[in-house]
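First the structure, in the form of structure tokens, and then the observations on it.
Every chain is numbered from 1, with letters handed out A, B, ... down the list of sequences. As the structure is a prediction and not an experimental result, all values here were calculated from the model.
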Amino acid sequence: MHKQDTFFSESLLNWYAENQRDLPWRGTRDPYKIWLSEIILQQTRVAQGLPYYERFIERFPTVKQLAKAEEQEVLRLWQGLGYYSRARNLHACVRKVESEYGGIFPEGYAELQKLPGIGKYTAAAIASFAFHESVPVVDGNVLRVLARYFGIAQDIGEAKNWSVFFSLAQKQLGSFPPQIFNQAIMEFGAVQCKPGMPNCETCPVRIGCYAAQEKQQLALPVKVKKTKIRPRYFTYWLVQNQEGEVAVQERKDTDIWKGLYHFPLLETESLPKEEEVLKALPAGLFIQELPSGGSVSVSPVIKHVLSHQHLFIRFIHVKEASVSQKGPWRWVNTEQLQELPKPIVIDKYLQEYLF
DNA sequence: TACGCGTGGTG
DNA sequence: TCACCAAGCGT
């Protein structure tokens, strides 16, 4: 390989040696810690995920301890982080590792992908960081860095283009230590070659960079796909019984906040009128037993309502998609709704109705 | 394969 | 203010 061929990779390695952040999952080869950090960091910034990582490691230092936990406790620790299927798969994953792999994570890139919640990226991360397997990671950072440096205009949102970037990443990885190169290229993307305008003035590879030379930093990478947002109006009834307990409902459908708890609600496509809200008031409330442990995980809106200690109807505007919720209520003490997540989108049309 | 899943930061 | 998007994955 000619020197010119390794300029990009060697520059990244040098940059990483000087600029890497000190993070708790770095400098370990424990696959459990690496796996946990990777799941938490999927589509999530370090600053947002870091406190969750610390709490999970403190509460569940080992595979065995996490595998023994109830799913509700795992969800409760995950509250506020979003993408709750990650928490359910996290739990299912350690249970599978415990039952089918003797509590030890399997080593191979292919074998790791058989575990729930572990796809190509996470498998590559674990295989390279923990087991030094020479397989490239391809995440949002890598896609951006490669697209900009090599001037690749293919849509990173199209699945068929993934192999283009994988092959290029593999070529750049070459025979460099995968556990270092993979961290380096991702860290470079997160810190230096950021989304939006990158720090080209201080960039060690700007000389060879297509985007920097052609001023295409904001045009690359190309991503056509747009996430479409449609408004959802959730009107909650905060219902209290004579013991001061509040009616809540577990969200079981495949929809946002699955597995978390909500107040009884009416969902509409537009802001409902008062008569509509009152007409839809649920008639058949009944009492159920709580999940074991007497503590439940709750969705973000509940925290907002409880924190203001209102007994009102609220209109919550949520920018997501899907179906409304039907099913049984249960009563819980407000003290049981512990360690609540932060509220999401709170609407500006809030109205209040005293019961 | 395309789409849905959360929350928070950014320009 | 708001569109974009962030260490992706499952279906």
Given the rule that I, L, V, M, F, W and Y join up when any side-chain heavy atoms are under 4.5 Å apart, are A/Val222 and A/Leu218 in one cluster?
no
Could a donor-acceptor pair under 3.5 angstrom be found where the side chain of A/Thr44 meets the base of B/dG6?
yes
Could you tell me how far C/dC5 sits from B/dG4 if I compare only their C1' atoms? Round to whole Å.
16 Å
In whole angstroms, how far is the P atom of B/dG8 from the CH2 atom of A/Trp78?
14 Å
If I take atom CD1 in residue A/Ile39 and atom P in nucleotide C/dG8, what distance separates them, rounded to the nearest angstrom?
11 Å
Shortest side-chain distance from A/Asp139, nucleotide among B/dT7, C/dA7, C/dC5
C/dA7
Spacing between A/Leu112 atom CG and C/dG10 atom P, to the nearest angstrom:
12 Å
So what does A/Leu23 hit on the nucleic acid, given a heavy-atom distance under 4.0 Å: a base, only sugar-phosphate, or nothing?
base
For A/Trp162, answer base if it contacts any base atom (sugar-phosphate contacts may also be present), sugar-phosphate if it contacts only those atoms, and nothing otherwise; contact means non-hydrogen atoms under 4.0 Å.
nothing
Got a sec, which residues hit ring-ring contact (aromatic ring centres under 6.0 Å, His included) with A/Tyr83, two or more places apart in sequence or on another chain?
none
On DNA chain C, check which nucleotide each of A/Glu187 and A/Ile118 is closest to and give me the residue with the more 5' one.
A/Glu187
Can you work out whether A/Pro116 or A/Arg21 has the more 5'-proximal nearest nucleotide on DNA chain C?
A/Arg21
In one Ile/Leu/Val/Met/Phe/Trp/Tyr side-chain cluster, 4.5 Å: A/Phe129, A/Ile104:
no
Under 4.0 Å between a side-chain N or O of A/Thr122 and OP1 or OP2 of C/dC9?
yes
Taking atom C1' in both B/dT1 and C/dC9, what distance in whole Å separates the two?
14 Å
Nearest-Å distance once atom C1' is located in both B/dT7 and C/dT11
22 Å
With a 4.0 Å limit, can you tell me whether A/Gln43 has a side-chain N or O closer than that to the phosphate oxygens OP1/OP2 of C/dG8?
yes
Separation of A/Ile126 atom CD1 from C/dA7 atom C1', in whole Å?
12 Å
Of A/Gln42 and A/Lys194, whose closest DNA chain B nucleotide lies nearer the 5' terminus?
A/Gln42
A/Val46 has a side chain; which of B/dT7, C/dA6, C/dA7 sits nearest to it?
C/dA7
In whole angstrom, what separates A/Lys120's NZ from C/dG10's P?
10 Å
Answer with base, sugar-phosphate or nothing: what part of the nucleic acid does A/Ile40 contact at a heavy-atom distance below 4.0 Å?
nothing
Assign A/Gly196 to base, sugar-phosphate, or nothing according to its heavy-atom contacts below 4.0 angstrom with the strands shown.
nothing
Is A/Tyr83 near enough to B/dG4 that one of its side-chain N or O atoms lies under 4.0 angstrom from OP1 or OP2?
no
Kindly determine whether A/Thr62 and A/Gln65 satisfy side-chain hydrogen bond (donor to acceptor under 3.5 Å, both in side chains), including the steps that lead there.
CA-CA 5 Å; A/Thr62 64; A/Gln65 285 161 292; 2.7 Å; yes
What is the distance from CG of A/Asn199 to C1' of B/dT10, rounded to the nearest Å?
14 Å
For the P atoms, the ones on C/dT1 and on B/dG6, what distance do you get once it is rounded to whole angstrom?
26 Å
Do any side-chain nitrogens or oxygens of A/Arg144 fall under 4.0 Å of OP1 or OP2 in C/dC5?
no
Does any donor atom in the side chain of A/Arg86 or A/Thr44 lie under 3.5 Å from an acceptor atom in the other side chain?
yes
Among A/Val137, A/Asp139, A/Leu143, A/Val138, which residue satisfies the side-chain contact (heavy atoms from CB on, under 4.5 Å) criterion with A/Asn141?
A/Asp139
How many Å lie between CD on A/Glu158 and P on B/dC3, as a whole number?
11 Å
Closest to the A/Asn89 side chain, choosing from B/dG8, C/dC5, C/dG10
C/dG10
Position toward the 5' end of DNA chain B (nearest nucleotide), A/Arg88 or A/Lys160:
A/Lys160
Just the rounded figure in Å: distance from P of B/dG8 to CG of A/Leu41.
16 Å
Modelled atom types, side-chain donor and acceptor of A/Gln79 and A/Tyr84, under 3.5 Å:
no
